[in-house]
2 protein chains.
Amino acid sequence: MKEIETFLEDKKVRPTAMRVLIYKYMAEKEIAVALADIENAFTKADRTTLYRTLKTFEKNGIVHQIDDGTGITKYALCDKGCNCEIEQDLHLHFHCLNCNETVCLTKHKIPHINLPEGYLAEDVNLVVKGICEKCSGQ
Amino acid sequence: MKEIETFLEDKKVRPTAMRVLIYKYMAEKEIAVALADIENAFTKADRTTLYRTLKTFEKNGIVHQIDDGTGITKYALCDKGCNCEIEQDLHLHFHCLNCNETVCLTKHKIPHINLPEGYLAEDVNLVVKGICEKCSGQ
DNA sequence: CCAATAAATGCACTTCCATTGCACTTTTTA
DNA sequence: TAAAAAGTGCAATGGAAGTGCATTTATTGG
Ligand SMILES: [Mn+2]
Ligand SMILES: [Mn+2]
Ligand SMILES: [Zn+2]
Ligand SMILES: [Zn+2]
């Protein structure tokens, strides 16, 4: 709890009660979360506050946004070494078609993609869809 | 014109006037199109008709849907050999951050992605964002 | 400690795009 | 040519992201 506060302060984010709780919530989850998930977890708080908390976290490199193709924006905590405020995140994401959960595979970096002459890559989004290890029966 | 009709018939799609025109429109474009693009090109037709035409084309393997991360669904004609009705499309897509256009790079197949134990891949979406060859000054 | 200021939160509203229900029209079939 | 099927048009819905503004809470300087 206290560590979360100092962590947020390190990231130049004022550790309000709500922010600490949201951070804690995301840290305890191993999967990416949608705004609606947080909404359901904190029904007393307003959606706007939760939304802006995520945006603040994102701007300050605490979480990164994930577009897993479901049309619902997900967020996940950044790793220690992750500096996606500066450059893009290079790991791939997995979306399970069975349990509908999305996870960061931070160990799995996106391979270098060859492009035709004249094309300049600035960002890459790689999402694999299928069955996760929980759903495949390990 | 006549070829388009027989092509659509081969794909089990009745070649109505609207469908032939939309197919022609997409064939002349080298880039992926959004519903709004078609809407602007055919102002006399209703959006629903255009929408359902795309869905019919998609269901019958004439076009494939592209999620380029802009939040706007794009569509592009399938290649001859493409059988994305059966299995997923394996090529990558490029979205230009300057001109906002999205293209299929059908020659560039998505590399095999290694996954942790227990994960089963069924589909892969790979989108590279950056500057296209037109915008990079060749 | 108090007043002034800044930051955070809550509520209502808007926008954007995808999608659907239903009536009407056109085409196909028998 | 009548019945059935397919296609089309209009209107409405729904989900999710985003914003303006008032209110509350925290911070700061005297
Ligand atoms: Mn991630
Ligand atoms: Mn494509
Ligand atoms: Zn799963
Ligand atoms: Zn471009």
Side-chain angles (χ1 to χ4, degrees), chain A residues 2 4-6 8-25 32-60 62-76 95 100 102 125 127, chain B residues 4-6 8-25 32-60 62-76 95 100 102 125:
Chain A
K2 196 65 188 170
I4 295 177
E5 288 185 24
T6 54
L8 292 180
E9 277 166 356
D10 283 354
K11 295 287 190 176
K12 312 290 185 215
V13 170
R14 302 253 273 275
T16 67
M18 205 63 246
R19 288 172 175 172
V20 172
L21 285 173
I22 292 177
Y23 184 92
K24 193 161 172 293
Y25 172 79
V33 299
L35 176 56
D37 296 328
I38 301 181
E39 240 182 294
N40 292 332
F42 302 98
T43 48
K44 63 277 181 131
D46 187 75
R47 208 187 73 251
T48 313
T49 303
L50 306 176
Y51 173 76
R52 288 200 255 242
T53 297
L54 287 171
K55 287 300 166 191
T56 300
F57 281 5
E58 186 185 12
K59 184 154 54 69
N60 291 71
I62 296 169
V63 305
H64 62 275
Q65 196 171 323
I66 301 167
D67 176 4
D68 61 9
T70 60
I72 297 167
T73 304
K74 309 278 173 66
Y75 300 85
H95 175 70
N100 214 37
T102 298
N125 186 31
V127 180
Chain B
I4 294 179
E5 287 185 24
T6 54
L8 293 180
E9 277 165 357
D10 283 354
K11 294 287 190 176
K12 312 290 184 214
V13 169
R14 303 254 272 280
T16 67
M18 204 63 246
R19 288 172 175 172
V20 172
L21 285 173
I22 293 176
Y23 184 91
K24 192 160 173 292
Y25 172 80
V33 299
L35 177 57
D37 296 327
I38 302 181
E39 240 182 297
N40 292 331
F42 302 98
T43 48
K44 64 275 180 133
D46 188 76
R47 208 183 64 252
T48 314
T49 304
L50 306 176
Y51 173 75
R52 288 200 257 239
T53 297
L54 287 171
K55 288 299 166 192
T56 301
F57 281 5
E58 186 185 12
K59 184 154 54 70
N60 291 71
I62 296 169
V63 305
H64 62 275
Q65 195 171 325
I66 301 167
D67 176 5
D68 61 8
T70 59
I72 297 167
T73 304
K74 308 278 172 65
Y75 300 86
H95 174 71
N100 214 37
T102 297
N125 186 32

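Sequence lines set the chain letters: A, B, ... in the order given, protein chains first and strands last, and positions in each chain run from 1. We use all heavy atoms of the structure for the numbers below, so side chains are in, but hydrogens, waters and symmetry mates are not.
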With a 4.0 Å limit, can you tell me whether Thr73(A) has a side-chain N or O closer than that to the phosphate oxygens OP1/OP2 of dA17(D)? yes

Can you tell me the distance, in whole Å, between the CZ atom of Arg14(A) and the P atom of dA7(C)? 6 Å

Tell me the interatomic distance from Lys74(A), atom NZ, to dA17(D), atom C1', rounded to whole angstroms. 15 Å

Between CG of Asp37(B) and P of dC17(C) the distance, given in whole Å, is 11 Å

For dA8(C), does OP1 or OP2 lie under 4.0 Å from any side-chain N or O of Thr49(A)? no

Using a cut-off of 4.0 Å on non-hydrogen atoms, how would the nucleic acid contact of Thr48(B) be classed: base, sugar-phosphate, or nothing? base

Is the NZ atom of Lys55(B) crowded by more than 12 outside heavy atoms at less than 6.0 Å? yes

Please confirm whether any donor atom in the side chain of Arg52(B) sits under 3.5 Å from an acceptor in the base of dG21(C), or the reverse. yes

Once rounded to the nearest 0.5 Å, what's the spacing between atom CG of Asn125(B) and atom CG of Asp67(A)? 8.0 Å

Does dG7(D) have OP1 or OP2 sitting under 4.0 Å from an N or O in the side chain of Arg19(B)? yes

Looking at dG18(D), I'd like to know if its phosphate oxygens (OP1 or OP2) sit under 4.0 Å from a side-chain N or O belonging to Tyr51(A). yes

Expressed as a whole number of angstroms, how long is the span from Leu54(B):CG to dT8(D):C1'? 15 Å

Between C1' of dC10(D) and NZ of Lys44(B), the distance in whole Å: 19 Å

OP1 or OP2 of dG18(D) under 4.0 Å from side-chain N/O of Lys55(A): yes

Polar pair under 3.5 Å, donor/acceptor by atom type, side chain Arg47(B), base dT19(C): yes

Rounding to an integer number of Å, can you tell me how far Leu21(B) CG sits from dG7(D) P? 16 Å

Nearest-0.5 Å distance that lies between atom CD1 in Ile72(A) and atom OG1 in Thr102(A): 9.5 Å

To the nearest angstrom, how far is Lys59(A) atom NZ from dA7(C) atom P? 11 Å

N/O donor-acceptor pairs under 3.5 Å from side chains in residues 33-47 of chain B, not counting sequence neighbours:
residue	atom	partner	partner atom	Å
Asp37(B)	OD2	Ala34(B)	N	2.8
Asn40(B)	ND2	Ala36(B)	O	3.2
Asp46(B)	OD2	Thr48(B)	N	2.8
Asp46(B)	OD2	Thr48(B)	OG1	2.8

Per the side-chain contact (heavy atoms from CB on, under 4.5 Å) rule, which among Leu54(A), Ile22(A), Val13(A) passes with Ile62(A)? Val13(A)

May I have the distance from Leu50(A) (atom CG) to dA17(D) (atom P), rounded to whole angstrom? 12 Å

